[in-house]
Undergrad: 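Have a look at this one.
Here is the naming used below: chain letters follow the sequence lines, and residue numbers restart at 1 for every chain. Being a predicted model, the structure only gives us computed values, none of them experimental.
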Amino acid sequence: MLEQLLRLVANAKEPAPTPELARRLGVSVDLVESMLEQLVSLGYLEAVKPGCGVAACQGCSAAGRCTVQPETRLWLVTERGRQLARAQAPRPCSR
Amino acid sequence: MEMPSGRIEPTQVPDEDRRARVPVVALAGSPNVGKSSVFNALTGLSQHVGNWPGKTVEQKSGLSSRDGRTLQIVDLPGTYSLTANSLEEQIARDYIVREHPDVVVVVVNAATLERTLYLLAEILELSTRVVVAVNMMDVAASHGLRIDVDVLQTALGLPVAALVAARDEGLSELLAAVEVVLEGRSPHEVRRPDLGPETEALIARLEALIGVETLRGYPRRWLALKLLEGDKEVTALLRGHLPDERWQAAEAILHQHEDAALAIASARYEWIGRMTRAAIWRPRAGAVSLTERLDRVATHPYAGPAVLLGLLGVVFWLVYRLAQPLVGLLEGAVGAGAHYLRTGLAGAPPWLVGLLADGVLGGVGTVLSLLPILAFFFAAIAFLEDVGYLARGAFVADRFMHRLGLHGKSFLPLFLGFGCNVPAVLGSRILDSKHDRLLTTLLVPLVPCAGRMGVLVFISGALFGSRGPLVILGLLTLDLVVIGLSGALLHRLLFHGESPAFIMELPLYHLPNWRTIGIHTWQRLVGFVERAGTVILLLSVAIWALAALPSGAIEHSYLATLGRSLAPLGGLMGLDWRMMVTLLASIVAKEQAIATLAVLTAGGESTLVAALPGLLSPAAGLAFLVVQMLFVPCVATLTAMRQETGSWRWTAFSVAYLAGVSFTLGIVIYQAARLFAWGV
């Protein structure tokens, strides 16, 4: 199931929201998000959190003006994930 | 097809030993499943709090005495998995492996059942003396979910109890389930995740290399499994324990099967999917939830942008309707204040009167009249953010950007730009590639910050009255097109590379929290007022001085001389020297445009709102708004761009590009209006 999800992410032609992936996999959004987090911990995806992603706001000269931030997360495929997804017949146990 | 129980049973302890002491029940679970509530409900006041031996993590245990049965309850640290990524995870698994609790109660959250069952999948590798406590059933019900405990019990082959621990509901059922395990009366066969023949073969090969039955209490099969999963502690343990040749053989297997961890995790998720498929009942499964229904429109490739523009239209219409009367009142107050100042200081030197009435009060006071516009604008954005729409708007806008070649991550810093361009430029650091960072940095100034938006709303309101919201909506659409085309152009001409797509989380829609919206709005306004009292004040005084020197007549001032040098360019857009000076002054801070205009039109009886139609024809006004929206950013943003790009050359390129784009579009708009004899 994770391989299928990884292929969907890696082969996506344009941005997709998590509910769309859930619909395509036939599972809940909650499970998709859990699987995306798992793929991040395994190094196949990268998670980007909202904000500037630079450092803690404390000590940042622009913190007071940093006002508009959507509460959301992004996931992008890493090179490792792309390599695995490119494989013609993905066989996770044999590389 | 699940693996039957019986492969390993590391927690098997002779029954006579179990009967001789108080049975130990370990509570395991992920964070936010209400595990502490279960623990408190079971133990009441009979609790002991200390630290885990040799660790700084809190250990809680207590006695539960009900129906003549006493149990020792041990609360394990909250963990998402049993891989030793954290101290908590290490403590939890070590306790299950080494202390052999009689029963492990895995607490899961009914509202996020699938997510929290992953831990159960891992625990079943260590022990099958498990009870599943499905807590927070009330929360799940409020989300429209119903968990069929009987179906889940049959699917898992484990006793399952439904709980609302916060209300002490379901505790008797939980203890009865614990009793079933203690007495070995479970009627079902435990179903664990089937890892598949390839993974099982790898585990068998590694087990053969490990040799011993257990190592530091860890079962051999589990060690092999964790080795495949890349567990650092187990890897270090086996590297130290195994003879060199056997460790090298194990390493070779791991190297050849680097993706085995993916297969193992995948098998667990497939197991979760199978276990819960029939157990989670969604009353609205046939129908479509409200969020899904709204998202079908809000994120649709064609309807989504229309919704975004429509909502922005409503926002600006409300801002105009609600804020403009207040702006008029504030402007009137500034005018009256200046009048009283002039009367009160009748005997003072004229320059002092001019400085205070026109420079300070005229400049800073007029800028402060932007407050109502910004207050409603910030409140509207905070509202859209709070109800969950902002993420959809960002998604729709970014899909458009992606088609033009922008990197998926670019949208995060670009979105920050609506508040202020400075953090947006700093935020480009989240992009890994130097080219992506540079491209994003170059595009950020095209996003109109709150200061720019305030100026645009103020001037369009003064010039176009009730058609102001439409003008602003048109400007924003043009802005989006310019950002998109600039991105595509710069991407293709200067940079090359892939633009990977991304997956985006969309939060559930929910009712607004007015307190949160109020706090956000207030914090943003305070920042604006602080700027008005510092940067804007100093520059307003400087502009006033340049407009008064050397003779006191503005038409012969240094500022007029500077402005007239730009008059040929301004003439192409219908802008006189005062408007060109206003544009230049906005490089210090975007709100300064209003302060500068106020200083340059001061002295008369009318307010700036009333004076603007005399200064700008509708066509020239439209050209000015476009230039103001796309012009060179403020000094603070330019400084950040220099810092982030590390290059004066790219900073200068940005200035030249933005000046070129803004003036070209300003000229095109004004000349087109002249051609059609509109508003000239």
Side-chain angles (χ1 to χ4, degrees), chain A residues 1-6 8-10 12-21 26-39 41-42 44-46 48 50-54 60-77 82 84 90-95, chain B residues 85 112 114-115 118 196 198-199 202 256-263 265-266 269-270 272-273 280 292 295 299 378 381 385 390-391 393-395 398-399 402-403 408-409 412-413 415-416 418-420 422-424 426-427 429-430 450 500-507 520 523-524 527 530 640:
Chain A
M1 195 182 274
L2 282 180
E3 297 94 326
Q4 202 183 345
L5 176 61
L6 180 61
L8 279 177
V9 179
K13 295 283 181 255
E14 62 175 15
T18 43
E20 191 178 314
L21 291 185
V27 297
S28 71
V29 173
D30 194 48
L31 190 59
V32 163
E33 287 178 2
S34 177
M35 288 195 288
L36 288 169
E37 284 159 17
Q38 188 74 42
L39 286 170
S41 72
L42 292 171
Y44 297 101
L45 293 185
E46 174 195 5
V48 186
C52 63
V54 179
C60 174
S61 59
R65 296 185 238 162
C66 197
T67 51
V68 180
Q69 295 187 22
E71 288 291 324
T72 186
R73 287 178 295 173
L74 299 186
W75 289 275
L76 292 103
V77 71
R82 200 169 290 120
L84 186 66
R91 290 159 63 87
C93 283
S94 56
R95 209 177 170 195
Chain B
N85 289 323
T112 58
E114 291 155 306
R115 181 186 290 257
Y118 192 87
E198 288 187 49
T199 305
L202 288 176
Q256 285 165 9
H257 303 280
E258 282 181 338
D259 296 318
L262 179 71
S266 191
Y269 279 109
E270 275 167 26
I272 291 170
I280 300 179
E292 280 177 85
D295 275 348
T299 61
F378 288 146
I381 295 293
E385 190 174 343
L390 208 58
F395 176 75
D398 197 57
R399 186 152 55 190
H402 182 265
R403 285 178 186 168
K409 281 191 209 170
L412 286 174
F415 219 83
L416 287 178
F418 275 107
C420 174
V422 175
L426 299 179
R429 288 184 205 172
I430 61 168
F502 59 84
I503 302 306
M504 186 170 173
E505 178 186 45
L506 294 180
H520 280 196
Q523 286 172 341
R524 292 165 191 184
E530 282 172 357

Undergrad: Side chain to side chain contact (heavy atoms under 4.5 Å, CB included) with L8(A): which residues, sequence neighbours excluded?
TA: L21(A), R24(A), L25(A)
Undergrad: Can you tell me which of M1(A), E37(A), Q4(A) forms the most heavy-atom pairs within a distance under 4.5 Å of chain B?
TA: M1(A)
Undergrad: With a 4.5 angstrom heavy-atom cut-off, which part of E20(A) approaches chain B: side chain, backbone, both or neither?
TA: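 For E20(A), there is no contact with chain B at all, as no heavy atom is under 4.5 Å.
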Undergrad: Among V32(A), L39(A), L2(A), V27(A), who wins on heavy-atom pairs under 4.5 Å with chain B?
TA: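 Looking at each option in turn, the highest pair count goes to L2(A).
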Undergrad: If every non-hydrogen atom of F395(B) is compared with every non-hydrogen atom of P15(A), which pair is closest and at what distance?
TA: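 Closest pair (atom of F395(B), atom of P15(A), distance): CZ-O, 3.6 Å.
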Undergrad: Do you know the tightest heavy-atom contact between S266(B) and E3(A)?
TA: OG-OE1, 2.6 Å
Undergrad: Checking L5(A) against chain B: side chain, backbone, both or neither under 4.5 Å from a heavy atom?
TA: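 No part of L5(A) comes within 4.5 Å of chain B.
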Undergrad: Need one label for I272(B): side chain, backbone, both or neither, based on atoms under 4.5 Å from any heavy atom in chain A.
TA: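 I272(B) touches chain A through side-chain heavy atoms alone.
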Undergrad: What residues, two or more places apart in sequence or in another chain, satisfy ring pair (Phe, Tyr, Trp, His ring centres under 6.0 Å) together with Y118(B)?
TA: Y269(B)
Undergrad: What's the spacing between E33(A) CD and E505(B) CD if we round to 0.5 Å?
TA: 4.5 Å
Undergrad: What distance separates R115(B) CZ from D30(A) CG, expressed to the nearest 0.5 Å?
TA: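 If I round to the nearest 0.5 Å, the distance is 4.5 Å.
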Undergrad: With I503(B), which of V77(A), T18(A), L74(A) fulfils side chain to side chain contact (heavy atoms under 4.5 Å, CB included)?
TA: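 So the option named by the test is T18(A).
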